[in-house]
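Worksheet: the structure to be examined is printed underneath.
All values below were derived from every heavy atom in this structure, side-chain atoms included, with hydrogens, water molecules and symmetry-related copies excluded. Here is the naming used below: chain letters follow the sequence lines, and residue numbers restart at 1 for every chain.
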2 protein chains.
Amino acid sequence: MANIRDVAEAAGVSVQTVSNVINGRPFMRPETMQRVRQAMAELHYQPSRVARGMRRQSSQALGFLLSDPNPRGLADPFYGEVLAGLSSVTRAHNYSLVINYLPSLPRSGDFLTPFETRQIDAAVVFISGIAARQTAVLRELVRSSHPIAVLEREVKGEHAYSVLAANYEGARAATQALIDAGHRRIAFLDSVQRWPSIDLRRNGYEAAMRDAGLGKHIAFLSGPDWTAEGGGAAVERALSQRAVKTKPTAIVAASDVIAVGALLAIKARGLRVPDDMALVGFDDFEFARYVDPPLTTVRLPAFEMGRRAAELLLNHLRGMPADERRVVLPTQLIRRKSS
Amino acid sequence: MANIRDVAEAAGVSVQTVSNVINGRPFMRPETMQRVRQAMAELHYQPSRVARGMRRQSSQALGFLLSDPNPRGLADPFYGEVLAGLSSVTRAHNYSLVINYLPSLPRSGDFLTPFETRQIDAAVVFISGIAARQTAVLRELVRSSHPIAVLEREVKGEHAYSVLAANYEGARAATQALIDAGHRRIAFLDSVQRWPSIDLRRNGYEAAMRDAGLGKHIAFLSGPDWTAEGGGAAVERALSQRAVKTKPTAIVAASDVIAVGALLAIKARGLRVPDDMALVGFDDFEFARYVDPPLTTVRLPAFEMGRRAAELLLNHLRGMPADERRVVLPTQLIRRKSS
DNA sequence: TTGAAAGCGGTACCAG
DNA sequence: CTGGTACCGCTTTCAA
């Protein structure tokens, strides 16, 4: 590969001049510029990001750091949407995107290394599952004062941003919609393994129930884990144990995945959705619309969360004043046939 | 951040010695090594990947280059699984993983740049949708002789590898299973927009039909695109137009997504699956098991494809002899309730 | 076994 | 407006 000196020689100018052309720096003779451009094209010259990073002490790369206990967790469409959002921003600003996926509990330093080795300038962070309770890694990151944007989790720090979805409001609106439709016994379905954003969803549900004076009819169905099977098992157990009079007529599920499990369990008992049991999910993952009946759900703006997080970090790196360190993106109730 | 000189000074040795310790190079006095290690730990020293890449002329990074016409195409679980596979290998070998996502038709140079700027040493490439027909970008990559591993597409070149799934065999086995179950009128559902791996699936279907002497009963249902809606529309049209006697009793769909659309369309017409119409998909995406009835389908080994592709490239970079430039991974018929 | 010095490919400073 | 030169942090000769 040609380097900057080759270009300078071919164009009959100094290295510095070539560098100026590359970086769009001011005034030089148009014809000089022309000659340089031509030389670059002829030699198929591309400046080395490595050398540039070396000198500038910045890699022009953003990291996406995520931990998910599931070894194939990356297949969750949520991550794909976040990545697509990140990618749209990094590409527009000529940054590259480095992904760092830890399928197990993150250990100390795991998320620090990419910064320390100067692989990335800043990172979007998502810690899922039970690990979300384990805040040590996050604290470490925050204290290291590398720029980070954390998804679905509150952080406080000089160089830390939070990008959140309106989980509380979404769950509250979904529950309210069920109440408005005449339901009184509404259950909330989650998992025994909970995490911060889920707590907010539950709070939103509880608030709507309380406001409607339905507090005493609150029912919780807690499955063993965040799989469809887990959701199905919880519903199955609940429906077989309770007396008819206390059975819920509607369920707000804390995620679409467990809602799908619930849907199958409800149908397996010969109940119709939504006539015998209304069901609302959360996330609006791609296949929510393709289950039978199509799932009413609360849309989580995953793509936008990725986009926003990347923008916050890029602005930070450019020294722009941060108007907000904490961004909350709206959720939206998507009405389909299951409620 | 501390640099190698700081460490050398703190340990009272030369820079060279520190470098030797980092790179596990032979014999030095154990106590020297000990001192160096301690200094590294105390200073939280991590060697800069940038500087190392500069000197070694290699970034120790693998790229995942993909184009998908859908702006949120990355949300497709296929990519997530591939990424998880890639990630498992890169992490094990201390490589980093750079993702380069082009939501539009790749233009000349788009996939060359990350190599030329020395961001990555090698790349896994996937070109989807109609773009898959547009081989210009791929040819360009192959001729550039940067190491690449292309998924689901045949390439030939000194530094190019192909990682393929047994699409033909999978579709053939699925069709054969339907024939064995007594079906005679079996349709193949795909899209007017086809691409290489889909052609193989269709060929597999045709072969099974021909072998069973059922060639004359072959029916093709071609939807407008690769969405569930597209699949549903094709089935809807076919079922409403044909006479009962020529209607298929089973459908082999070219992907799970369109199979899901087909499933909804079939049920919407009041037909039961599998009694009135058997249905087999292709891919085994995560939610194939959660549709109603659970979808019989052919599993595409996406995770393994990612893993294998990364391994091929890493071996290539280490100068290991390539035992094979073309890897075909097995598919597997997953029997559920829809057939 | 350890140390000094050159150089990877850019950018930034300083003169001209 | 352009040219020379130091330097980013590491690896790699070459000497001691």
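Between B/P114 and B/N100, the shortest heavy-atom distance links the atoms CG-ND2, 3.5 Å. Scanning both residues, A/S87 and B/Y101, for their nearest heavy atoms gives OG-CB, 3.5 Å. Shortest non-hydrogen contact noted between A/R118 and B/V50 is O-CG2, 3.2 Å.
Contact check, B/S14 against C/dA4: no side-chain N or O comes under 4.0 Å of OP1 or OP2. An OP1 or OP2 oxygen of C/dT2 is reached within less than 4.0 angstrom by a side-chain nitrogen or oxygen of B/T32.
Between B/E116 atom CD and C/dG10 atom P the separation is 12 Å, expressed in whole Å. Between the CD atom of A/E9 and the P atom of D/dG3 there is a distance of 13 Å, given to the nearest Å. Going from atom CZ of A/R35 over to atom C1' of D/dT2 covers 11 Å, rounded to whole Å.
The ring pair (Phe, Tyr, Trp, His ring centres under 6.0 Å) analysis of residues 34-74 of chain A, with sequence neighbours excluded, yields no pairs.
By the 4.0 Å N-to-carboxylate-O rule, A/R308 lies close enough to A/E311 to be salt-bridged with it.
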For every nucleotide of nucleotides 6-16 of chain D, 5' to 3': is a protein heavy atom under 4.0 Å from its base (B), only from its sugar-phosphate (S), or from neither (-)? BBBBBBBB---
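Between B/H159 and the choices B/H316, B/H146, B/R325, the side-chain hydrogen bond (donor to acceptor under 3.5 Å, both in side chains) rule is met once, by B/H316.
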